[in-house]
Amino acid sequence: MAAPNATEHAAKRRKTRQDSGSITIGGKTISFAGYLAPSQPKKQIEASSGPKPILPSSTHEQQSNSTLKQAIDQTTKPGLPDKKGTYNKSQSTNGTGNQALLKTRRELPIWQHQDEIRTVVKRIGTDVIVIVGETGSGKSTQVPQFLYQEPWCKRHKVKLPGRQEDGYVGGMIAITQPRRVAATTLAHRVSTEAGTPLGKGRPDGLVGYSVRFDHQVPRGARIKFLTEGTLLQELLRDPYLKQYSAVVIDEIHERSLDVDLLAGFLKQILSGDKTERGGIPLKVIIMSATAEVGVIQEFFGSGATPGTEKASNVEVLRIKGRQFPVTISYEPRPVADLQDALLKKIFKIHVEEPLPGDILAFLNGQEDIEAAQRLIEEYATTLASNVPKIIAVPLYGQLSIEAQRLAFQPARSPMTRKVVLATNIAETSVTVPGVRYVVDSGKSKVKQYRPRLGMESLLAKPISKSSAVQRAGRAGREGPGKCFRLYTEEAFDAMQGSDLPEILRNDVLGAVLTMKARGIHDVLAFPLIDAPETAAIEMALLHLHFLGALNDDGTITPAGETMARFPLSAPLGAVLLAASGPEFDCVLEVIDAISCLTSGDDIFIHVQSEEGAEEVEEHRKDLQRREGDIITYLTTMQLYAAENSDRIEWCKKRKINIRNMKQALNIRRQLRGMCWKEKLFSEMPPPDPQPFTPLSPDKAEAVIKCFLRGFAMRTAMLAPDGSFVTVNGKHVVAIHPSSVMHGQKKEAIMFLEHVYTNKNYAKKVSAIQATWIAEALGR
DNA sequence: GAGCACTGC
């Protein structure tokens with residue numbers, strides 16, 4: 001919290017205190033009238049009518065959305081088996097499941113629909129069933145349990161084309177999730193409800209999960225939770241998903257790129273030749289939390305894909321959710337100054353609305369959040385003594401875990417209202433408990449790829465109607481709530497219905513490679529719910545050709561097949577393959593760099609204060625290299641791996657994100673394993689820790705030249721005026737301040753990311769020589 | 001001199 005002294009006079013300029021009965025912000029007076037005095041009963045709202053909140057752990061939306069929340073919850077859930085699958089013996093394993101939890105399950109809205117769901121899914125001729133279930137309906141945990149004992153869900157011994165002996169088809173239900181935490185916690189929950197253990201190799205387990213770096217699928221598992229990406233990878237090995245009787249696609253409304261690809265592949269399986277599955281049909285269950293499933297219905301139901309027999313039959317089931325009512329109010333006129341309007345609204349709520357009831361405000365990003373926090377703290381110091389205190393807590397993805405934890409904890413002192421200032425992280429990814437009031441700025445920052453420029457932008461844009469509804473819903477999780485929209489009703493009406501699906505916002509390079517690796521020759525004809533522009537796909541095809549993933553005739557090369565198997569972007573896959581060639585021979589070094597580059601957010605934590613930044617710079621001296629960011633990342637990994645006393649302390653000192661660094665080490669292990677299998681290097685390195693030897697300049701040059709094989713198009717030359725001009729497109733780019741190359745002038749640079757925010761920025765920058773670009777381009 | 005959110009056999 002900012003020291004009040006430092007900002008006191010600034011606060012006084014904007015705010016004058018009149019008497020204890022009102023507060024004036026920016027010229028507007030807010031009366032304390034109607035305020036619940038501290039002497040009155042605190043728990044006024046609790047007696048209100050409305051559905052009874054179900055157990056927090058019985059809907060996955062509440063239990064699984066946040067790693068942090070999960071971490072907190074895990075300490076308070078004695079009933080759950082631990083990761084190794086140790087299990088409470090008192091729980092039933094006779095197939096009827098955990099009796100104690102059965103009562104909770106029966107109370108879920110979806111419970112009454114189980115016969116209906118079974119009947120529709122069983123019906124011959126129905127291939128696709130769409131289940132619309134609002135938040136809290138229990139669909140994610142219950143639907144697979146309703147279905148796995150059905151006769152059609154058995155494993156079938158069948159004759160498969162091109163095989164002498166009989167093969168097996170079906171027996172398992174796959175259920176996909178967009179996020180790892182959701183997949184793992186749902187699996188834990190469902191295995192507990194079923195009363196069977198979770199864990200690799202367990203013979204008696206019914207439920208399992210499979211996510212990157214973590215596969216816990218018991219032998220004989222019938223229900224398997226996985227991330228969408230994992231199922232896509234399985235599709236590369238098993239194009240007809242022969243191990244599954246049904247695939248449940250959950251949270252399709254989020255429209256991730258992976259889910260759109262999955263939908264396309266499923267449509268092809270449904271409308272294609274069943275002989276590859278020995279005549280056993282695949283049931284597809286699509287689940288959405290939003291009612292707008294018209295496009296989904298249309299997609300699976302309409303026109304057979306080219307060269308196939310028929311369109312699928314689609315049935316839609318709608319299930320009520322459990323949500324308290326939320327009153328929505330709008331601004332009468334468009335607001336001129338969003339920050340100002342936000343502040344007024346927050347204090348208006350604070351003085352007019354009863355406690356308890358925290359406020360959740362949705363803002364654009366870190367910058368706005370920090371500014372709002374400062375202002376709230378300034379005003380808070382001038383509140384009358386008989387008014388409850390107010391504290392502002394920021395919540396955004398880049399915050400440390402400890403800082404995020406504050407947003408989930410109740411205010412420490414009594415009679416204090418907490419205001420959580422959040423990005424759209426609080427819209428779907430995490431649930432902040434205790435919220436009764438939502439303030440919605442109506443905007444969020446969106447990343448959008450511009451295929452023709454080969455760059456992306458990150459700009460604040462109006463949110464969609466469904467986002468606005470989702471934000472408002474956050475006020476009704478624990479009781480009736482209120483949502484204050486800082487925009488007019490007309491502005492709401494003018495918002496687009498839903499967010500642009502990721503496939504229309506992202507580079508489709510990886511998507512096109514996935515299709516090619518799955519044998520889709522004509523990618524323009526691949527069935528997609530929303531097809532990207534033809535130009536975007538053509539750019540991706542050209543790019544893949546440049547990377548060596550496609551032949552001149554558009555068919556995939558062996559290198560392309562390998563790249564598709566790597567858990568990396570196509571350019572990074574190309575870099576890895578280049579590194580394995582005799583010319584460069586630096587696979588292990590490139591893996592070290594790539595591991596750090598791809599471990600989620602930046603491993604280097606950004607320090608705001610100037611003094612802090614200087615201190616960190618001092619401690620990071622041993623990591624930083626003048627060759628640029630790639631070699632700096634590489635050195636960081638090597639020093640971290642060489643560290644044999646205290647890695648956590650080592651990270652703390654250098655302000656390195658410990659979680660991301662651990663993840664980087666994980667990725668390094670996975671990539672080493674995969675490259676070993678692909679025979680990309682000949683000798684397994686000795687185990688860590690090994691003594692550190694700085695990378696020689698020659699080796700550094702080789703590593704950077706490997707990266708040029710993937711990123712030759714992302715290069716810029718120094719212009720006479722000192723700016724950098726991109727080789728491809730001739731745009732002026734500035735080196736991002738997060739780069740070790742920031743403020744330096746080199747003959748030419750290569751950058752791995754190109755983002756437009758308030759400037760055209762090159763990120764992850766390395767110094768190169770102009771002749772290297774020609775070399776990489778002219779192969 | 002600055003970063004919405006996720007994710008991969």
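For clarity, every value in this text was computed on a predicted model and none was experimentally measured. In what follows, every chain begins at residue 1, and chains take the letters A, B, ... in the order their sequences are listed.
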**Report entry** Integer-rounded Å distance: B:dA2 P and A:E367 CD
**Finding:** 8 Å
Query raised in the report: Can you name the one residue among A:E753, A:E456, A:E502 that meets salt bridge (Lys or Arg N to Asp or Glu O under 4.0 Å) with A:K447?
Result: A:E456
Report task. Would you please say whether a donor-acceptor pair under 3.5 Å links the side chains of A:S723 and A:D721? Result -> yes
Report summary line: Checking B:dC4, B:dG1, B:dC9 against the side chain of A:P737 (C-beta onward), the nearest is B:dG1
Query raised in the report: Between B:dC9, B:dT7, B:dG1, which nucleotide gets closest to the side-chain atoms of A:T227?
Result: B:dT7
**Report entry** Residue list, ring pair (Phe, Tyr, Trp, His ring centres under 6.0 Å) with A:Y244, at least two apart or on another chain
**Finding:** none
Requested in this report: Could you work out which one of B:dA2, B:dT7, B:dA5 sits closest to the side chain of A:V181?
Outcome: B:dT7
Query raised in the report: With a 4.0 Å cut-off on heavy atoms, is A:T757 in touch with a base, just the backbone sugar-phosphate, or nothing at all?
Result: sugar-phosphate
Query raised in the report: Separation of A:D214 atom CG from B:dG8 atom P, in whole Å?
Result: 10 Å
**Report entry** side chain to side chain contact (heavy atoms under 4.5 Å, CB included) against A:A187, all qualifying residues, sequence neighbours excluded
**Finding:** A:L198, A:V207, A:Y209, A:F225
Report task. Answer with base, sugar-phosphate or nothing: what part of the nucleic acid does A:R180 contact at a heavy-atom distance below 4.0 Å? Result -> sugar-phosphate
Query raised in the report: Can you tell me how far C1' of B:dG1 sits from NZ of A:K763, to the nearest Å?
Result: 13 Å
Query - Side chain of A:I425 (C-beta onward), nearest among B:dC4, B:dA5, B:dG8 - result: B:dA5
Query - Residue A:R237, side-chain atoms from C-beta onward, closest of B:dC4, B:dT7, B:dC9 - result: B:dC9
Query raised in the report: Roughly how many Å is it from CG in A:L458 to P in B:dC6, rounded to a whole number?
Result: 14 Å
Query raised in the report: How many Å lie between CG on A:L500 and C1' on B:dC4, as a whole number?
Result: 15 Å
Query raised in the report: To the nearest Å, how far apart are A:Q233 CD and B:dG8 C1'?
Result: 6 Å
Report task. Could you tell me whether A:L568 contacts a base, only the sugar-phosphate backbone, or nothing, with contacts defined as non-hydrogen atoms closer than 4.0 Å? Result -> base
Validation: residues 511-520 of chain A side-chain donor-acceptor distances under 3.5 Å, sequence neighbours left out:
residue, atom, partner, partner atom, Å
A:T514, OG1, A:G510, O, 2.9
A:K516, NZ, A:H521, O, 2.8
A:K516, NZ, A:G554, O, 2.8

**Report entry** Closest listed nucleotide, where the reference is the side chain of A:M674 and the choices are B:dC4, B:dG8, B:dC9
**Finding:** B:dC9
Query raised in the report: Side-chain N or O of A:T423 less than 4.0 angstrom from OP1 or OP2 on B:dA5?
Result: yes
Report summary line: A:D258 atom CG is separated from B:dC9 atom P, nearest whole Å, by 11 Å
Report summary line: In numerical order, the residues of residues 738-745 of chain A whose heavy atoms come under 4.0 Å of DNA chain B are A:S738, A:H742
Query raised in the report: Of the candidate nucleotides B:dC9, B:dT7, B:dG1, which contains the atom at the shortest distance from the side chain of A:Y761?
Result: B:dG1
Query raised in the report: Base, sugar-phosphate alone, or nothing: which one does A:Q670 contact when heavy atoms must sit under 4.0 Å apart?
Result: sugar-phosphate
Report summary line: Applying ring pair (Phe, Tyr, Trp, His ring centres under 6.0 Å) to A:F265 and not counting sequence neighbours gives A:F526
Query raised in the report: Contact class for A:E234 (heavy atom, under 4.0 Å): base, sugar-phosphate, or nothing?
Result: nothing
Report task. Round to the nearest Å and state the distance from A:E228 atom CD to B:dC9 atom C1'. Result -> 16 Å
Show me the donor-acceptor pairs, under 3.5 Å and distance only, between side chains in residues 756-763 of chain A and residues at least two apart or in other chains.
residue, atom, partner, partner atom, Å
A:N760, OD1, A:H754, NE2, 2.9
A:N760, ND2, A:V732, O, 3.2

Query raised in the report: Can you tell me how far OG of A:S256 sits from CG of A:D258, rounded to the nearest 0.5 angstrom?
Result: 5.0 Å
Query - Residue met sooner reading DNA chain B from 5', once A:N758 and A:M563 are mapped to nucleotides - result: A:N758
